[in-house]
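Here is the structure we will look at, set down as structure tokens.
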Amino acid sequence: MSDTKEKGTLEQDARPTNFIRQIIDEEIASNRWGGRVATRFPPEPNGYLHIGHAKSICLNFGVARDYKGMCNLRFDDTNPTKEEQEYVDSIKADVRWMGFEWDNLRYASDYFDQLYAYAEALIQKGLAYVDSLTAEEIREHRGTLKEPGRNSPYRERSVEENLDLFRRMRDGEFPDGAHVLRAKIDMAHPNIVMRDPTLYRIRKATHHRTGDKWCIYPMYDFTHCLSDSIEGITHSLCTLEFKNNRELYDWVLDALEVYHPQQTEFARLNLSYTVVSKRRLIQLVKDGHVRGWDDPRMPTLSGIRRRGYTPEALREFCDRIGVAKADNMVDYSLLEFCVREHLNETAPRMMAVLNPLKVVIENYPEEQVDEFIFPNHPEHADMGERVVPFSREIYIERDDFREDPPKKFFRLAPGKEVRLRYAYYITCQEVIKDANGEIVELRCTYDPESKGGGTPDGRKVKGTLHWVSARHAVPAEVRLYEKLFTEEDPMDLPEGKHFTDVINPDSMKVVTGYLEPHLASAKAGERCQFERLGYFCVDPDTTPEKPVFNRTTTLRDSWARIERSQKK
RNA sequence: UGGGGUGUAGCCAAGUUGGCAAGGCAACGGGUUUUGGUCCCGUCAUUCGAGGGUUCGAGUCCUUCCACCCCAGCCA
């Protein structure tokens, strides 16, 4: 079997497949779009992107990439009261961070003139009318889920009157709420979306791009289909809750007799132990449960980025969760698996001690310093080496010593010998305690023969500990994160419980860590593994005086599992 | 009898004309290991929401039922 052939096969199999790609395959076979594939990622710039958007980004841009088509970034900016330039900037940055580049940058507001013309055309066709009912009255006329609605008394206005009124709406003659433009469809339609939906409303607000040029703004259902049509989109991919809106999407395009893209709906991502609804994310920030939109505990892309997740890991995650139509709740462990998988390959290994216990090596000369050269990655020599100093006093992790070790504990204990990673074997001779019985120091001896971590006699030691030379250690602020919520689905709780009731009080712990000196110069955004502890990255808060690290995620820990089962 | 959608393992998810229920995560065993990491090997659905039917044969076809999700913004 040739290596190249096998590799080619693997790549073929590794390509994500899902019902949307199958539809595209079939349409290519039947030449439905003349060989074109055109998608768009259409966020409203009213907040920050989150992990749920990552799925949509990967789907839309991924399809365009794999089918050699195009994907636009389009801001659905039709509601000036909610949208801000700040959000468009952050969204652009997030999409690029995810590793995608749009073919065209578009705004629904680019189309306000065309959209207005389409609206007049609809009026001319007798398919839209100006309604002068109040919002409340319109709601009353809409009927309910089980009862049909009633026609508005303004429904039969003439084309001339509608045109006149609509133009005067545009010209600012009426206050907010005085009139709306509605599609004339069917007030008894079983699909409520089709009961004469609102197409335009008066909003005397300044738009972040068009300023005060307009005082009427088109609604989503009128804007989205036409924007897709104008851009020549082939596949308008959106989430399941828009399924009912598809009938209206199709109605508008058919009524106007324009190019007609195909809307297809897929299930949005739900991630266990997190919330992604914009409203709840806002509350977490406003109520101070987190430090901001980019808090490393937040599911926003900016938070995830700050936490140290890589775009590669996120893309892999999106490929692995698939795209389907069933509601889902993806296990958080899959996301963690994906970062570990990527960081295991790419993160240099460093040493740091987060909960120090001082070890004095009695037979190691006071003034001596060994300057060891360590590989940055045990499997990738090309990642280079660095110098790590060793001296008489070192720190080890407090958890790595037990005065009374349980079964299967093969770290340090009185009289036991362990290896200090890449350095020496040491044996614990004495445990020093303070007046309260707290262990404050270990007195050990080392075997000079074991330099580098092995001995001529080849004797085995089971434990290998990470360590930092006390004299050379660089203190740093290290932020340790846990899940933000204690419940798998914070949105589905027993009666009377609110999602803020299940916020994990221990979701962030700040400790002082002692780092090997090499880490003193690490720059914000750099990632590494602290051996045996997890993957970490340098926080933007970092300064030369005081480095700040975030723990992205721990390493898998099978000892913790053994210990847990022993306690049972 | 409002309309629409979805049910395959703890989680995600393939399964397209009916023909041996993919794969991944998690979990659990074992091996290698100078990270209790990585890596490697193995186990994990006699059954596809439930019942009935058609068929030599049903996750797939027919039928009845059940559960869950979405829709009554001048939000998207």
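Throughout, a chain's letter reflects where its sequence line sits, starting with A, and its residues are numbered from 1.
Using N1 to N3 plus N6-O4 or O6-N4 for Watson-Crick, or N1-O2 and O6-N3 for G-U wobble, each under 3.5 Å, U17(B) pairs with nothing. Judged by Watson-Crick or G-U wobble contacts below 3.5 Å, the nucleotide U43(B) has A27(B) as its partner. Under the Watson-Crick or G-U wobble criterion, with both distances below 3.5 Å, U6(B) is paired with A67(B). In this structure U38(B) sits in no base pair that meets the Watson-Crick or G-U test at under 3.5 Å.
Rounded to an integer number of Å, the gap from Tyr217(A) OH to C75(B) P is 13 Å. Arg556(A) places its CZ atom 13 Å from the C1' atom of C40(B), with the value rounded to the nearest Å. Remark: P of C75(B) and CG of Asn245(A) are 14 Å apart, rounded to the nearest angstrom. Between the C1' atom of A76(B) and the CG atom of Leu226(A) lies a distance of 16 Å, rounded to the nearest Å. The interatomic distance linking Glu336(A) (CD) with C11(B) (P) rounds to 18 Å, in whole Å. Between Leu334(A) atom CG and A27(B) atom C1' the separation is 15 Å, expressed in whole Å. To the nearest angstrom, C1' of U6(B) lies 8 Å from CG of Leu240(A). Between Tyr129(A) atom OH and C74(B) atom C1' the separation is 13 Å, expressed in whole Å.
When heavy atoms are screened at a 4.0 angstrom cut-off, Lys462(A) is found touching no nucleic acid atom at all. Leu133(A) comes within contact range of at least one nucleobase, with a heavy-atom separation under 4.0 Å.
Listed candidates were A76(B), A14(B), U35(B). Nearest to the side chain of Ala324(A) is A14(B). Closest to the side chain of Asp331(A), from the set G37(B), C11(B), A76(B), is C11(B). For Ile562(A), whose side chain is taken as the heavy atoms from C-beta onward, the closest listed nucleotide among G36(B), A72(B), U38(B) is G36(B). Distances from the side chain of Phe337(A) to the nucleotides A26(B), U35(B), A76(B) place A26(B) closest. The side chain of Glu379(A) sits closest to G37(B) out of C69(B), C12(B), G37(B). When the nucleotides C74(B), A13(B), G2(B) are ranked by their closest atom to the side chain of Pro190(A), G2(B) comes out on top. When distances are taken from the side chain of Ile138(A) to each of C74(B), C70(B), A72(B), the shortest belongs to C74(B). Minimum atom distance to the side chain of Ala326(A) is reached by G7(B), of the listed G4(B), G7(B), A72(B). When each of C74(B), G36(B), C69(B) is scored by its nearest atom to the side-chain atoms of Val180(A), the top-ranked nucleotide is C74(B). If you check U6(B), G15(B), G37(B) against the side chain of Gln22(A), the one that comes closest is G15(B).
Comparing A45(B) with G59(B), their C1' atoms are spaced 12 Å from each other, to the whole Å. U32(B) and G37(B) are spaced 14 Å apart, taking the P atom of each and rounding to whole Å. Comparing the P positions of G19(B) and C62(B) gives an interatomic distance of 15 Å, to the nearest angstrom. As rounded to the nearest Å, U8(B) and U64(B) have P atoms that lie 22 Å from one another. C11(B) and G7(B) have their C1' atoms separated by 15 Å, with the value rounded to a whole Å. C75(B) and U47(B) have their C1' atoms separated by 45 Å, with the value rounded to a whole Å. Annotation: C41(B) and G23(B) have their P atoms spaced 13 Å apart (nearest Å). Going from the C1' atom of C25(B) to that of A72(B) covers 40 Å, rounded to whole Å.
Ring pair Phe536(A)/Phe530(A) is parallel by interplanar angle, where below 30° counts as parallel and above 60° as perpendicular. Using a 30° and 60° split on the angle between ring planes, His224(A) and Tyr249(A) fall in the tilted class, from 30° to 60°.
Taking the six-membered ring for Trp and the full ring otherwise, the centers of Phe390(A) and Tyr446(A) sit at least 6.0 Å from each other.
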(request) Applying side chain to side chain contact (heavy atoms under 4.5 Å, CB included), run through Leu281(A) and Tyr48(A) and close with a yes or a no. (result) CA-CA 9 Å; Leu281(A) 261 20; Tyr48(A) 296 93; over 6 Å; no
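In terms of phosphate contacts, Thr78(A) brings a side-chain nitrogen or oxygen within less than 4.0 Å of OP1 or OP2 of A76(B). The side chain of Arg320(A) contributes no N or O atom lying less than 4.0 Å from OP1 or OP2 of C11(B). Contact annotation: Gln566(A) side-chain N/O to G36(B) OP1/OP2 distance is not under 4.0 Å. Close to U35(B), at under 4.0 Å from its OP1 or OP2, lies no side-chain N or O of Arg419(A). Taking only side-chain nitrogens and oxygens, Arg201(A) comes nearer than 4.0 Å to OP1 or OP2 of A76(B). Between Arg142(A) and C74(B) there is a side-chain N or O to OP1 or OP2 distance below 4.0 Å. Checking the phosphate oxygens (OP1, OP2) of C71(B), no side-chain nitrogen or oxygen of Arg195(A) falls inside 4.0 Å. When the side-chain nitrogen and oxygen atoms of Lys243(A) are compared with OP1 and OP2 of C70(B), none of them lie within a distance under 4.0 Å. Taking only side-chain nitrogens and oxygens, Ser333(A) never comes nearer than 4.0 Å to OP1 or OP2 of A26(B).
For Arg411(A) against G36(B), a side-chain-to-base donor-acceptor contact under 3.5 Å is present. Between the side chain of Glu345(A) and the base of U38(B) there is no donor-acceptor pair of N/O atoms closer than 3.5 Å. Residue side chain Asn191(A) does not reach the base of G2(B) through any donor-acceptor N/O pair under 3.5 Å, judged by distance alone.
In this structure, Arg386(A) pairs ionically with Glu516(A), as a charged nitrogen and a carboxylate oxygen lie closer than 4.0 Å. A salt bridge between Glu417(A) and Arg459(A) is present, with a side-chain N of the basic residue lying under 4.0 Å from a carboxylate O of the acidic one.
Minimum heavy-atom separation, Ser272(A) to Tyr332(A): OG-N, 2.9 Å. Closest heavy-atom contact between Leu269(A) and Val276(A): O-CG2, 4.4 Å.
Formation of a donor-acceptor pair under 3.5 Å by the Asp131(A) side chain with backbone atoms of Tyr154(A) is not found in this model.
Because its glycosidic torsion is within 90° of 0, G73(B) is reported here as syn.
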